[in-house]
Trainee: 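Encoded as structure tokens, here's the structure I'll be asking about.
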Amino acid sequence: MDVKRIEAKWQKYWEDHKSFKAEDNSDKKKFYALVEFPYPSGVGMHLGHIKAYAGLEVVSRKRRMEGYNVLFPIGYDAFGLPTENSAIKQNIHPRVLTDRNIETFAGQLKKVGFSFDWDRVIDTTKPEYYKWTQWIFLKMFEHGLVFRDKTLVNYCPSCRVVLSNEDSQGGKCDICHSEIVQKEKDVWYLRITAYADKLLEGLKKVDYLPNIKLQQENWIGKSTGAFVDFTIKEIGETLTIYTTRCDTLFGVTFMVIAPEHPLIRQYQDKIRNIDEIHQYQEMASHKSEFERTQLVKDKTGVKIDGFTAINPVNQEEIPIYISDYVMMGYGTGAIMAVPAHDDRDYEFAKKFNIPILPVIKGGDISTAAYTGDGEMINSGFLNGLKDKKTSIKKMLEYLEENKIGHQGTQYKMKDWAFNRQRYWGEPIPIVHCQYCGDVAVPYEELPLELPDIENFEVGTDGESPLAKIESFVNCKCPKCGKDAKRETDTMPQWAGSSWYFLRYIDPHNEKEFASYEKLKYWMNVDWYNGGMEHVTRHVIYSRFWYHFLYDLGLVPTDEPYQKRTAQGLILGPDGEKMSKSKGNVIDPNDIVEMYGADTLRTYILFMGDYGLEAPWNESSIKGISRFIDKVYHLKEKVISSDEYSKNLESLIHKTIKKVSDDIETMKFNTAIASLMTLVNKYNSVDAITKKDYEVLLKLFNPFAPHVTEELNEILGNKPICESSWPKYEESKTIDETFEMVVQVNGKVRGKITIDTNTSKEEMEQLAQQIDNVKIHIKEKEIVKIITIPKKLVNIVVKEIS
RNA sequence: GCUUGUGUGGCGGAAUUGGUAGACGCACAGCACUCAAAAUGCUGCGGUUUAUGCCAUGUGGGUUCGAUUCCCACCACAAGCACCA
């Protein structure tokens, strides 16, 4: 079998015939399958890409054969730091490098035989694409979803770039893994928090894998609680806190505010130990994320000398501390501390010798905080209540009646820091005018193109390279016409990928990001598959953009993705994550070269559960190669007949059912296993009919499209990609006989093959006639007999006493 | 620490609503073909045992006629979150 010739031949056929072109004006049912478009890095495709695409590749090929109009597109998410850094290193323009990398990727994707619609390829770095990224950004600006703020940001000194919280997890830069420092910067934000509730609500309507839904819910992190106003006696100022446990208000023995809380600066002359406070603030600001996590247990803080708070429910006077275990970014930056019933407050109180007052019965507050439920004590009008919900409700009523608090909601999700100080990204289309403020670039001037510059290296000041291009920076204010300066920061990498699935629908539209008509036909994405690592960032970001466009009436549905799944990683042969430094990277090109694309595709899907990680095994792949050889050589025993062989018919119908069902649930490994069983059976008989062979080729086609097309052509048939998916008859999947298992006390003691329609009574009788069963029930009392039709008989016996 | 997964032969992994544990593949062993090797085909392949049997799905309990599957506790690994009030 000349694998290389066969694969090249069919790849050319598909390209010449545009076999996988999605039709815009079709009365067929549509199916939109989406995979995460690759970042075209210099090293080319890795096995992970192939696994990520192979799943929906199989589904798409099956759908086409089932008569659907399938949109299965691909593109490139090509803006970003790695390309820019590599371009600087090699001293070539990122544009040149990007084009080169994309070419490499396209070549590799085609060699694997993916059935993408190559007429819809998009590249986020092309002005005709990012024009619309900027356009959507300006729409958000227009609707007040973009704002600028001076804040402490995560700054990577090595990449010289501001990072979002998501990009700097664990205090390390997501890109170069160096330590992040805090730095004050002008930051552009997208107000994603305005959509927190909608993003959460929307999850109820979609069909994401449960763990994916859960991760998104946790990321949004909604909590319901109460805002309560405390008063600071000395200055008469209100200090509002957020709590989820207002039922414990009577147990408050101190308060804590975040080190960055504005009250401190505002009233510094009223604070007697202000020097000590300043020292603490200084220390807290230098603590890296890493140190903070290491010191979770060890609470630090300083009492504010000069402030006393008054508990609004019982007028108790209590001290106020500052401590870095309270974060300015969540709630109000201030908490009421109930050490008897909160672990962190407990530790703090122990360390600073603050009284601990229990208000819920249960636990032992001399050793630990009690966070469970119980009867309310020491709590005025709440005393005696046993149910947490009722207590909270009662307290809320009290707070609202007396105007000292109200119910409220908080989210963990933060607004999205949306600017980067790098060249290779979409320019933010804003002009800074000293008279008019931040002014949007007019829509008709889009795209605001990246200037073609010689030196795009970042400056030491952390400014964008664009800041050095005077012809870019200096401009006229679109509003007043006076001299103004352009924003020089660019958008983060997540920008272009936040709406790309919409562009596939209408990739060449020059007037709109996509026509409503076409969106109406194609949306929603029926099935979106990608990496688990993108579930909390990209998927949430893009849902946010889509929700916004929906509110503007520009897209037809309220959620973009109907279904979302995720594939597991492919690990190195050593069971570790593949990485250059470990030297365990397998190059897909080598595998295609050695075994061919069909073997690679099939093996990747055969390795194990598609959703779980699995190690690469260099000898296991040989099994797939052998299997494909077997399929190939079956052609020598085909006899011409348009009927299934009688002795194979039942297995064929069962296999059609199994493969069809398994593809839908992404159980590709067992689908392939059942095809192997069928092939083994074919091999054990003297001859197979043309129809027997055809059905095998069709079922196997989504996995191994090249060789199956070739064999199908040898049979004299029209191409499989233009034929229909095999159907099975339910009645033919049922055997005439079955193997009845006979158990005594749950242990297997015998098996016999009997007619499928044997009655319960007959089964029980036959069971007791088996010799080995007789031995085990001899001289024992039969207590009862459990019979499962078409399966087993279990005889329960006990000793005769 | 919290949340969510996962734990089955030498290995990757199968096992409908609880009903034959180990499908399918790899590796290994024997045989056939060959001068020989590779490839291919056939046979075997959890442990123990003479067949009957007994023991085995991370560990310990429980529910059940029957548990890889359900419940409780614990252990290990992975991913996500990380003082979220």
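Here is how names work: the chains are called A, B, and so on, in the same order as the sequence lines, proteins then strands, and each is numbered from 1.
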Trainee: Treat primed atoms plus P, OP1 and OP2 as sugar-phosphate and everything else as base, then score nucleotides 4-15 of chain B 5' to 3': B for base contact with protein heavy atoms under 4.0 Å, S for sugar-phosphate contact only, - for none.
Mentor: S-------BSSS
Trainee: My understanding is that only residues two or more places apart in sequence, or in another chain, count here; which of them pass side-chain hydrogen bond (donor to acceptor under 3.5 Å, both in side chains) with S625(A)?
Mentor: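 Testing S625(A) for side-chain hydrogen bond (donor to acceptor under 3.5 Å, both in side chains), a comparison that skips the adjacent residues, returns none.
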Trainee: Show every donor-acceptor pair shorter than 3.5 Å between a side-chain atom in residues 568-579 of chain A and any protein atom, with sequence neighbours excluded, or say none if there are none.
Mentor:
{"from": "D574(A)", "atom 1": "OD1", "to": "E576(A)", "atom 2": "N", "distance (Å)": "3.2"}
{"from": "D574(A)", "atom 1": "OD1", "to": "N584(A)", "atom 2": "ND2", "distance (Å)": "3.0"}
{"from": "D574(A)", "atom 1": "OD2", "to": "N584(A)", "atom 2": "ND2", "distance (Å)": "3.4"}
{"from": "S579(A)", "atom 1": "OG", "to": "S581(A)", "atom 2": "OG", "distance (Å)": "3.2"}
{"from": "S579(A)", "atom 1": "OG", "to": "K582(A)", "atom 2": "N", "distance (Å)": "3.3"}

Trainee: Stem finding on RNA chain B, please: runs of three or more consecutive Watson-Crick or G-U wobble pairs, both distances under 3.5 Å, sorted by first number.
Mentor: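 RNA chain B stems, ordered by first number: B:1-7 with B:75-81, B:10-12 with B:24-26, B:28-32 with B:40-44, B:46-48 with B:53-55, B:58-62 with B:70-74.
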Trainee: Using the test side-chain contact (heavy atoms from CB on, under 4.5 Å), find all partners of D229(A) that sit at least two apart in sequence or belong to another chain.
Mentor: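 Partners of D229(A) under the side-chain contact (heavy atoms from CB on, under 4.5 Å) test: T238(A), T240(A).
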Trainee: By side-chain contact (heavy atoms from CB on, under 4.5 Å), which residues pair with T244(A), not counting sequence neighbours?
Mentor: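 T244(A): side-chain contact (heavy atoms from CB on, under 4.5 Å) contacts with S223(A), Y242(A).
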Trainee: With sequence neighbours excluded, what pairs up with Q567(A) under the side-chain contact (heavy atoms from CB on, under 4.5 Å) test?
Mentor: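 If we apply the side-chain contact (heavy atoms from CB on, under 4.5 Å) test to Q567(A), skipping adjacent residues, the hits are K51(A), A52(A), N529(A), Y610(A).
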Trainee: side-chain hydrogen bond (donor to acceptor under 3.5 Å, both in side chains) with R601(A): which residues, sequence neighbours excluded?
Mentor: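 Only E57(A) meet the side-chain hydrogen bond (donor to acceptor under 3.5 Å, both in side chains) criterion with R601(A).
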Trainee: What nitrogen or oxygen pairs link the protein and nucleotides 41-45 of chain B at under 3.5 Å?
Mentor:
none

Trainee: Can you give one letter per nucleotide of nucleotides 51-57 of chain B, going 5' to 3': B for a protein heavy atom under 4.0 Å from the base, S for sugar-phosphate only, - for none?
Mentor: -SSSS--
Trainee: Kindly write out the residues that satisfy side-chain contact (heavy atoms from CB on, under 4.5 Å) with K657(A), not counting sequence neighbours, or none if the list is empty.
Mentor: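 With sequence neighbours excluded, K657(A) shows a side-chain contact (heavy atoms from CB on, under 4.5 Å) to D661(A), Y728(A), E730(A), T733(A), given in chain and number order.
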Trainee: What residues from residues 333-343 of chain A pass a heavy-atom cutoff of under 4.0 Å to RNA chain B?
Mentor: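 Hits under 4.0 Å, by residue number: I335(A).
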